[in-house]
Amino acid sequence: MSISVKGVTKLYGSQKALDGVSFEIAKGEIIGFIGPNGAGKSTMMKIITCYLPQTEGEVVVCGHDVVEDSMAVRRTVGYLPEHNPLYLEMYVKEYLGFIAEIHKVANARDRVAEMVEMTGLQLEQKKKIGTLSKGYRQRVGLAQALIHDPEVLILDEPTSGLDPNQLEEIRRLIKKVGEEKTVMLSTHIMQEVEAVCDRAIIIDQGKIVADDRVSEMQSKGIDETVIKVEFDQNVEEKELLGIEGVQSVRRVDGNVWILGAVTDTDIRPGVNQLAKEMGVAILTMQKEERSLEDVFKELTNS
Ligand code: ADP
Ligand code: MG
């Protein structure tokens, strides 16, 4: 197990930021740690990376306890904190050399060159960090987190504030890195988890509300097949409810409707039949996928 969290509670004064959190992350997994703002994501990550002590519970990273053996944990963990704090006055290469020195990396020069190459910073390495775009600063943040070749990578909202192109590049980089490492990344963007992660852990108000493979989560709780249909003219709600198998009806807008049906019942022939009887044309009809976003909203009530 790369990360094992058992019954962790964190109090800030009287406020409970984490409340009995437990989960495990196996070696090589890429985990999405999702939750709304204030859910406790950053707090959990700070505990795993030894930046904050938990109030209660136990956290073990690659066999090392975060409280008893924090030096060993710091050696095995790479951390990209939220808001990626960097020394803006330093040059990229100089900064990475400085971080390599802190970690007492052997052959620091070669390792910095390797990281520059890996994160695509060749053209930026001689620039001041302060002059870089947000996307390139995140690359520096990733290079910094990877420089001591840690087994585990903790990335706190690594793509927040990036434009769509930068986002795509950083996600690709994380996926590449994830081929060789255990990665835990936090986000409040569901598509990110769908795009990058194997498994998702959803946290809300300091408690884990779901922990499952992304594919399982998407199909979890689905006891409904959803069909979106557009007619060329008005149709009454009660007519649609009369179709065999239909259990819910919602007008999306104009003549577009969302029809819910019990799983395993194909209501499309019934919709066709009704349209025929009423002399109404069907402009489009399609099955809708339930997205992870829907699951997230249901679980976190947000
Ligand atoms: P997330 O990263 O999911 O947005 P955080 O872990 O940052 O959530 O915060 C969880 C809760 O703990 C929030 O209600 C936040 O206001 C509170 N909190 C975080 N850091 C501190 C702190 N240093 N002092 C007091 N409260 C804090
Ligand atoms: Mg946070």
Side-chain angles (χ1 to χ4, degrees), residues 3-25 29-61 66-67 70 73-74 77-86 134-135 137-138 140-142 144-145 152-162 166-167 170-171 174 178 182-197 199-212 214 217 292-302:
I3 302 177
S4 164
V5 172
K6 281 192 199 132
V8 167
T9 294
K10 174 69 188 178
L11 290 171
Y12 289 114
S14 60
Q15 194 198 349
K16 219 176 228 184
L18 294 173
D19 187 1
V21 170
S22 300
F23 59 84
E24 288 193 323
I25 301 179
E29 280 190 294
I30 304 188
I31 298 289
F33 194 44
I34 346 168
N37 283 328
K41 303 182 296 295
S42 296
T43 301
M44 190 68 245
M45 291 181 143
K46 284 176 193 162
I47 293 170
I48 293 171
T49 52
C50 307
Y51 276 79
L52 265 184
Q54 67 270 37
T55 309
E56 254 177 62
E58 185 190 66
V59 178
V60 176
V61 181
V66 292
V67 178
S70 70
V73 172
R74 284 166 201 264
V77 171
Y79 177 36
L80 175 57
E82 198 175 18
H83 311 309
N84 187 13
L86 294 168
K134 183 99 205 285
R137 286 187 198 186
Q138 286 305 77
V140 176
L142 274 173
Q144 162 279 130
V152 175
L153 206 53
I154 305 287
L155 310 174
D156 197 352
E157 307 227 12
T159 61
S160 83
L162 300 185
Q166 298 170 333
L167 201 110
I170 295 296
R171 278 184 191 163
I174 292 171
T182 305
V183 179
M184 179 182 190
L185 76 92
S186 73
T187 177
H188 54 267
I189 310 165
M190 295 312 109
Q191 291 89 326
E192 186 135 301
V193 175
E194 287 171 317
V196 181
C197 305
R199 203 174 106 208
I201 298 177
I202 305 185
I203 184 169
D204 187 32
Q205 296 179 27
K207 288 186 174 146
I208 305 298
V209 292
D211 178 351
D212 215 333
V214 171
M217 216 171 254
L292 203 54
E293 182 104 35
D294 300 327
V295 179
F296 176 73
K297 281 183 183 150
E298 271 166 40
L299 290 168
T300 60
N301 303 314
S302 59

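Just so you know, ligand 1 is whichever comes first in the structure, and atom 1 is the first atom listed for that ligand.
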Student: Just checking Q205: does its CD atom have more than 12 heavy atoms from other residues, nucleotides or ligands closer to it than 6.0 angstrom?
Tutor: no
Student: Give every pair made of an N or O atom of ligand 1 and a protein N or O atom lying under 3.5 Å apart, one pair per line with both atom names and the distance to 0.1 Å, or write 'none'.
Tutor:
from     : atom 1 : to  : atom 2 : distance (Å)
ligand 1 : 2 (O)  : S42 : N      : 2.9
ligand 1 : 2 (O)  : S42 : OG     : 2.9
ligand 1 : 3 (O)  : A39 : N      : 3.1
ligand 1 : 3 (O)  : G40 : N      : 3.0
ligand 1 : 3 (O)  : K41 : N      : 2.9
ligand 1 : 3 (O)  : K41 : NZ     : 2.8
ligand 1 : 4 (O)  : G38 : N      : 2.7
ligand 1 : 6 (O)  : T43 : N      : 2.9
ligand 1 : 6 (O)  : T43 : OG1    : 2.5
ligand 1 : 8 (O)  : G40 : N      : 3.1
ligand 1 : 14 (O) : Q15 : NE2    : 2.8
ligand 1 : 20 (N) : Y12 : OH     : 3.4

Student: Once side chain to side chain donor-acceptor pair (under 3.5 Å) is applied, what residue pairs with a partner in residues 6-15 remain, sequence neighbours excluded?
Tutor: Y12-T43
Student: Go through the structure and list residues passing salt bridge (charged side-chain N to carboxylate O under 4.0 Å, His left out) with R74, not counting sequence neighbours.
Tutor: none
Student: Does the shortest distance from the Mg ion (ligand 2) to an N/O/S atom of M45 fall below 2.8 Å?
Tutor: no
Student: For atom OH of Y51, is the number of surrounding heavy atoms from other residues, nucleotides or ligands below 6.0 Å larger than 12?
Tutor: no
Student: Would you say the side-chain atoms of N84 pair up with the backbone N or O of R137, donor to acceptor, closer than 3.5 Å?
Tutor: yes
Student: Under the side chain to side chain donor-acceptor pair (under 3.5 Å) rule, what pairs show up with a residue in residues 29-39, not counting sequence neighbours?
Tutor: E29-R199
